[in-house]
Amino acid sequence: MTYSVAVSGASGYAGGEILRLLAAHPDMEIRTVTAHSNAGQPLVDHQPHLRSLAHLTLQDTTPEILAGHDIVFLALPHGQSGQYTDALGDVPLVIDAGADHRLTSASAWDAFYGGDFHEPWTYGVPELLVDGVKQREHLRGATRIAAPGCNASTVSLSLAPGVAAGVIDPSDIVSVLAVGPSGAGKSLKTNLLGSEILGTANPYAVGGTHRHIPEIRQALAAASGTEPDGIRISFTPVLVPMSRGILATSTAPIVDGATDAQIRDAWQSAYGDETFVQLLPEGRFPRTADVLGANTALIGLAIDRAANRVTVVTAVDNLVKGTAGAAVQSMNIALGLPEARALSVNGVAP
């Protein structure tokens, strides 16, 4: 069966990456691409690397144009998806790459986003531990999927095994991330200009203000079977001069009595059979270059007995495994297709 697909926000980074992956998917026909201010222009004027889609023209983003497809991807700024999802009830599968349907708590949405709160959808991180099973079990047959925030899924995948196994204390998590500016979208912003980021590292959303914090707390609470109030995290992202990529370094205290073998086994048991989340051998740590263009999250684990903390270093491509790859992987699961279809573990080097 061939599925007809519409992608909104197709002129942006997330929309472009979704299109790049879908263009290689044998079961998908990209029929419609939409945008706002760029409507009426050829797609390749904004995504010149997508040569196989040169025949497509960007249309207006309206419910009427998005309706009538088997699958709709929404790659819109936060707070804009809800106005469309409410009107797409007849579309069999809708996948939102924005934040509008990620959070289960209306108070968390109000505190970090504001505006109308929309119902939570099935969270699109298949490998995440949730109440003793993997999230992919909840994605099977799903009709509404919320793709994750790239920073949030990276930190959650980093720590969920230790939280679920009870070998780390989730009340004292510290995460510092080196992040490429493509995660902030394609809109023109002075702080993202090349002259502003080349040759420097710039912290942002410091002191508990980043919007992905409630998403991390929600995911780790689900992994541990507790409430989000029990998850405390100091989260500091730092913009660095690379277009793509996240390198997340997360630490948490070791629970009394947990042995080195038990700690490493928590991550090995969680990810040993996974295709796209891989624990590296002891003493090895990933680089963002290793995951460029791939749907992989590579994890290095260190046990720091002097500080009594576990350190987890995780690398992802924020536009692939962080967003578009997670969306396509979740789509495959929901439709009963091979999970890895159109997705690669191989990056691009140098």
Side-chain angles (χ1 to χ4, degrees), residues 4-22 30-41 43 45-47 50 53 56-103 109-110 112-125 142-153 181-189 192 210-212 214-215 318-320 322-328 330-331:
S4 62
V5 181
V7 177
S8 70
S11 60
Y13 288 139
E17 196 69 3
I18 290 169
L19 289 169
R20 184 179 73 87
L21 298 175
L22 292 177
I30 302 169
R31 187 174 295 173
T32 302
V33 291
T34 76
H36 286 289
S37 59
N38 297 316
Q41 301 174 33
L43 174 67
D45 283 0
H46 300 275
Q47 308 289 5
L50 300 179
L53 303 179
L56 294 174
T57 298
L58 293 164
Q59 302 183 53
D60 287 321
T61 299
T62 67
E64 293 75 21
I65 288 176
L66 294 173
H69 298 80
D70 298 316
I71 305 166
V72 171
F73 286 87
L74 300 169
L76 302 172
H78 303 320
Q80 293 190 18
S81 298
Q83 62 182 310
Y84 300 104
T85 58
D86 292 344
L88 295 175
D90 293 335
V91 175
L93 177 58
V94 181
I95 301 172
D96 184 13
D100 293 33
H101 296 278
R102 293 174 190 160
L103 299 184
W109 176 266
D110 289 341
F112 285 84
Y113 291 93
D116 294 335
F117 175 74
H118 296 275
E119 65 173 327
W121 289 356
T122 307
Y123 194 49
V125 185
T143 62
R144 297 293 182 270
I145 296 170
C150 53
N151 297 316
S153 61
S182 60
K186 207 172 186 179
S187 297
L188 182 62
K189 302 179 181 73
L192 301 181
H210 196 283
R211 288 174 166 178
H212 287 175
E215 189 178 337
N318 58 292
L319 291 178
V320 190
T323 304
V328 171
S330 298
M331 176 199 72

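Numbers here are sequence positions counted from 1.
Here the closest heavy-atom approach between residue His36 and residue Tyr84 is recorded as CE1-OH, 3.2 Å. The two residues Gly82 and Asp100 make their nearest non-hydrogen contact at N-OD2, 3.0 Å.
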Show every donor-acceptor pair shorter than 3.5 Å between a side-chain atom in residues 66-81 and any protein atom, with sequence neighbours excluded, or say none if there are none.
{"from": "His69", "atom 1": "ND1", "to": "Leu66", "atom 2": "O", "distance (Å)": "2.8"}
{"from": "His69", "atom 1": "ND1", "to": "Ala67", "atom 2": "O", "distance (Å)": "3.2"}
{"from": "His69", "atom 1": "NE2", "to": "Thr32", "atom 2": "OG1", "distance (Å)": "2.7"}
{"from": "Asp70", "atom 1": "OD2", "to": "Ser4", "atom 2": "N", "distance (Å)": "2.8"}
{"from": "Asp70", "atom 1": "OD2", "to": "Ser4", "atom 2": "OG", "distance (Å)": "3.2"}
{"from": "His78", "atom 1": "ND1", "to": "Ala99", "atom 2": "N", "distance (Å)": "3.1"}
{"from": "Ser81", "atom 1": "OG", "to": "Asp96", "atom 2": "OD1", "distance (Å)": "2.7"}
{"from": "Ser81", "atom 1": "OG", "to": "Asp96", "atom 2": "OD2", "distance (Å)": "3.4"}

Compile the donor-acceptor pairs under 3.5 Å between side chains in residues 112-124 and protein atoms, sequence neighbours left out, one pair per line.
{"from": "Tyr113", "atom 1": "OH", "to": "Arg211", "atom 2": "O", "distance (Å)": "3.4"}
{"from": "Trp121", "atom 1": "NE1", "to": "His101", "atom 2": "ND1", "distance (Å)": "3.3"}
{"from": "Tyr123", "atom 1": "OH", "to": "Glu215", "atom 2": "OE2", "distance (Å)": "2.4"}

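Note that CZ of Arg144 is 10.0 Å distant from CD1 of Ile95, once rounded to the nearest 0.5 Å. How far OG of Ser11 is from CG of Asp45: 11.0 Å, rounded to the nearest 0.5 Å. Considering CG of Leu58 and NE2 of His46, their distance stands at 6.0 Å, rounded to 0.5 Å. Between the CG atom of Asn38 and the OG1 atom of Thr57 there is a distance of 12.5 Å, given to the nearest 0.5 Å. Atom OG in Ser153 sits 8.5 Å away from atom NE2 in His212 (nearest 0.5 Å). Note that CZ of Arg102 is 13.5 Å distant from CD1 of Ile145, once rounded to the nearest 0.5 Å.
Here the side chain of Thr323 pairs a donor or acceptor atom with the backbone of Asn318 at under 3.5 angstrom. Listed for the Gln47 side chain is a donor-acceptor partner under 3.5 Å among the backbone atoms of Gly12.
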Side chain to side chain contact (heavy atoms under 4.5 Å, CB included) between Val33 and Leu19, worked out: CA-CA 9 Å; Val33 291; Leu19 289 169; 3.8 Å; yes
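Met331 is listed as a side-chain neighbour of Leu22, based on a closest heavy-atom distance under 4.5 Å.
Put simply, the residue from Thr62, Thr61, Asp60 that forms a side chain to side chain donor-acceptor pair (under 3.5 Å) with Thr34 is Thr61.
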